[in-house]
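First up is the structure itself, then whatever we jot down about it.
Numbers here simply count residues along the sequence, with the first being 1. Order of listing sets the numbers, starting from 1, for every ligand and every atom in it.
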Amino acid sequence: MLCLTQRTPEQWTRSALANLDAVLVDHAHCEMKAATNALSLAVRASEVPGVASALIALAEEELAHFRRVFEELERRGIPLGTPPPDAYAAELRKIVRAHTFPTRGAAAPERIEALVDRLLVAALIEARSCERFRLLADALAEAGPADLCALYRELLAAEARHYRTFVELARRVAGAESGWVEARFGELVELEAELASRLGSFPAIHG
Ligand SMILES: [Fe+2]
Ligand SMILES: [Fe+2]
């Protein structure tokens with residue numbers, strides 16, 4: 001569960017297994033978006049030593065995930081297509097919208113708050129991905145196919161590591177007085193929990 005306070009309902013796993021092709025398509029798009037989001041954050045964080053390079057490395061790993069899932073789609077003859085609607089990501093964007101990125105000339109605290117918010121939201125997305133990959137891996141261990149089960153076992157470990165990386169980077173961006181980051185993360189965890197319970201069991205990685 002990592003930081004999550006709301007478990008994914010059991011019905012989600014049944015729905016995902018029954019719609020595995022759609023879940024794989026959604027998953028491929030999620031990996032692609034994870035790579036581009038990490039790169040976008042790297043540009044925003046370039047003033048903080050060490051943060052941008054960590055985010056570029058993370059983006060490279062997400063790109064490798066995208067390739068893995070894309071190749072899985074190709075093997076199965078499933079077209080990638082355009083990104084399906086992602087209500088989860090859209091709602092999370094609304095949560096952080098209050099902290100829009102100020103221009104470079106703006107006061108440093110505002111820029112730091114905006115960046116920390118986005119890093120913490122990215123951490124939450126990783127945590128939710130990790131939880132759902134575990135549910136999928138466990139279900140696929142029984143129902144098969146075995147190669148997909150192995151893929152999700154491997155990816156869930158990577159997403160757990162990415163979760164820890166994003167939280168650590170948020171603290172690093174906040175600097176010496178990073179105590180407020182924990183309080184903000186607590187707020188975001190509760191908002192994500194409400195969102196996860198509201199969105200229910202749609203067969204998508206964050207549906
Ligand atoms: Fe990934
Ligand atoms: Fe990730």
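A distance of 6.0 Å or more separates the ring centres of F66 and H27.
When the N, O or S atoms of E62 are ranked by distance to the Fe ion (ligand 2), OE2 comes first. Per residue H162, closest N, O or S atom to the Fe ion (ligand 2): atom name ND1. The Fe ion (ligand 2) sits nearest to atom OE1 when only the N, O or S atoms of E159 are considered.
Here the side chain of W12 pairs a donor or acceptor atom with the backbone of A204 at under 3.5 angstrom. No side-chain donor-acceptor contact under 3.5 Å links E62 to the backbone of T36.
Distances from the Fe ion (ligand 1) show that E31 has an N/O/S atom below 2.8 Å. The Fe ion (ligand 1) has an N, O or S atom of H65 inside 2.8 Å of it.
Between Y88 and H206, the two ring planes are parallel [angle under 30°; tilted spans 30° to 60°].
Heavy-atom neighbours of R76 CZ from other residues, nucleotides or ligands within 6.0 Å: above the threshold of 12.
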